[in-house]
Asks: 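Quick one: structure below, then a few questions.
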There are 2 protein chains.
Amino acid sequence: MSIITNINKAFDHRIRLGIMSILMVNEFADFNMLKELLGATDGNIASHAKALEKVEYIKVEKQFIGRKPNTRYSTTDLGRAEFKKHINALEKLINKS
Amino acid sequence: MSIITNINKAFDHRIRLGIMSILMVNEFADFNMLKELLGATDGNIASHAKALEKVEYIKVEKQFIGRKPNTRYSTTDLGRAEFKKHINALEKLINKS
DNA sequence: TAAAAGTACTTTGAAATGCAAAGTAAATAA
DNA sequence: TTATTTACTTTGCATTTCAAAGTACTTTTA
């Protein structure tokens with residue numbers, strides 16, 4: 001049990017941290033919203049979202065809006081819980097600083 | 001200027017975050033102290049410390065304590081400033097969540 | 001209405017990074 | 001004197017990151 005035990009590896013990257021933060025305040029966010037808010041490339045958003053999906057911290061829904069494909073993301077219960085744990089761990093770490 | 005603009009890439013890894021936090025509260029920390037506090041392997045500590053050294057956020061001093069080699073690390077002014085910026089950015093990101 | 005441009009992603013593969021095992025060199029213990 | 005431990009560093013394989021290119025459309029323009 002070290003000081004970084006509860007720092008979640010899945011949130012070790014700023015883009016993943018960004019995706020989670022966005023999804024904590026917005027019930028849904030679509031691909032382009034993430035891309036714009038984070039200023040990342042398409043491939044980047046896709047792969048980091050996939051990483052969060054793989055550990056089941058976010059979920060993906062694909063639908064059509066009119067005739068356009070639309071991919072929207074939202075957190076899972078697990079994801080919210082893990083993110084909160086991560087934030088608490090970060091705060092503890094930081095408050096020592 | 002996205003929401004993760006001030007999230008520093010150099011601190012994107014929990015071991016590097018841990019090293020910096022430790023060095024923010026302790027004027028110095030040696031190799032073994034970092035290793036124990038972070039529960040990481042030797043190679044791991046060495047390479048993450050080197051990464052922080054490369055961007056000049058920490059500095060390294062090698063000395064002998066008695067007859068044993070000892071490597072101790074400390075933050076640089078730049079490192080402290082950048083870490084504070086990072087923490088502020090994290091707090092802003094988190095408070096939205 | 002055919003061609004060109006745009007949209008919304010996904011795939012790809014090279015480059016960078018992460019990791020622990022093995023290596024090194026000296027000190028200490030048996 | 002040989003074995004073990006300590007304090008790191010090096011190595012090289014594995015994983016991750018990244019943006020460019022690709023795909024499958026839709027929309028605009030000529």
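Values in this document were obtained by computation on a predicted structure and should not be read as measured data. In the text below, chain A, chain B and the rest are named by the order of the sequence lines, each starting its count at 1.
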Asks: Could you tell me how far apart A:Met33 (CE) and C:dT7 (P) are, to the nearest whole angstrom?
Replies: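 Rounding to the nearest Å, CE of A:Met33 and P of C:dT7 are 19 Å apart.
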
Asks: What's the CD-P distance between A:Glu61 and C:dA8, to the nearest Å?
Replies: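 These atoms are roughly 18 Å apart.
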
Asks: I want to check something: taking the side chain as every heavy atom from C-beta on, are B:Met33 and B:Asn26 in contact at a cut-off of under 4.5 Å?
Replies: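 Side chain of B:Met33 against side chain of B:Asn26, heavy atoms only: contact under 4.5 Å found.
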
Asks: Nearest 0.5 angstrom please: A:Leu23 CG to A:Thr76 OG1, how far?
Replies: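 It comes to 10.0 Å.
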
Asks: Would A:Arg72 and A:Phe28 count as a cation-pi pair here, with the cationic atom under 6.0 angstrom from the ring centre and within 45° of the axis?
Replies: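 A:Arg72 over A:Phe28 ring: yes.
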
Asks: Does one side chain, of A:Thr71 or A:Lys62, offer a donor that lies under 3.5 Å from an acceptor on the other?
Replies: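 Looking only at side-chain atoms, A:Lys62 and A:Thr71 do form a donor-acceptor pair, the distance falling under 3.5 Å.
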
Asks: Please determine if a side-chain N or O atom of A:Lys62 lies less than 4.0 Å away from the OP1 or OP2 oxygen of C:dT10.
Replies: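 For A:Lys62, the contact criterion (side-chain N or O under 4.0 Å from OP1 or OP2 of C:dT10) is met.
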
Asks: Classify the nucleic acid contact of A:Asp30 as base, sugar-phosphate or nothing, counting any heavy atom under 4.0 Å across all strands shown.
Replies: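 Here A:Asp30 touches no strand at all.
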
Asks: Is any side-chain heavy atom of B:Glu91 closer than 4.5 Å to one of A:Ile94?
Replies: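 Heavy-atom side-chain distance check passes, below 4.5 Å.
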
Asks: Could you check whether B:Glu82 pairs with B:Lys85 (Lys NZ or Arg NE/NH1/NH2 to Asp/Glu carboxylate O, under 4.0 Å)?
Replies: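 Yes, B:Glu82 and B:Lys85 are salt-bridged.
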
Asks: Within less than 4.0 Å of OP1 or OP2 of C:dT10, is there a side-chain N or O belonging to A:Lys50?
Replies: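 So the side chain of A:Lys50 is outside the cut-off, no N or O lying under 4.0 Å from OP1 or OP2 of C:dT10.
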
Asks: Rounded to the Å, how far apart are A:Phe31 CZ and C:dT7 P?
Replies: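 To the nearest whole Å, that distance equals 14 Å.
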
Asks: Rounded to whole angstroms, how far apart are CD1 on A:Ile19 and P on D:dT17?
Replies: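 After rounding, the gap between these two atoms is 11 Å.
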
Asks: Classify every nucleotide of nucleotides 17-29 of chain C by which part a protein heavy atom approaches to under 4.0 Å, writing B for the base, S for the sugar-phosphate alone and - for neither, in 5'-to-3' order.
Replies: -SSBB-----SS-

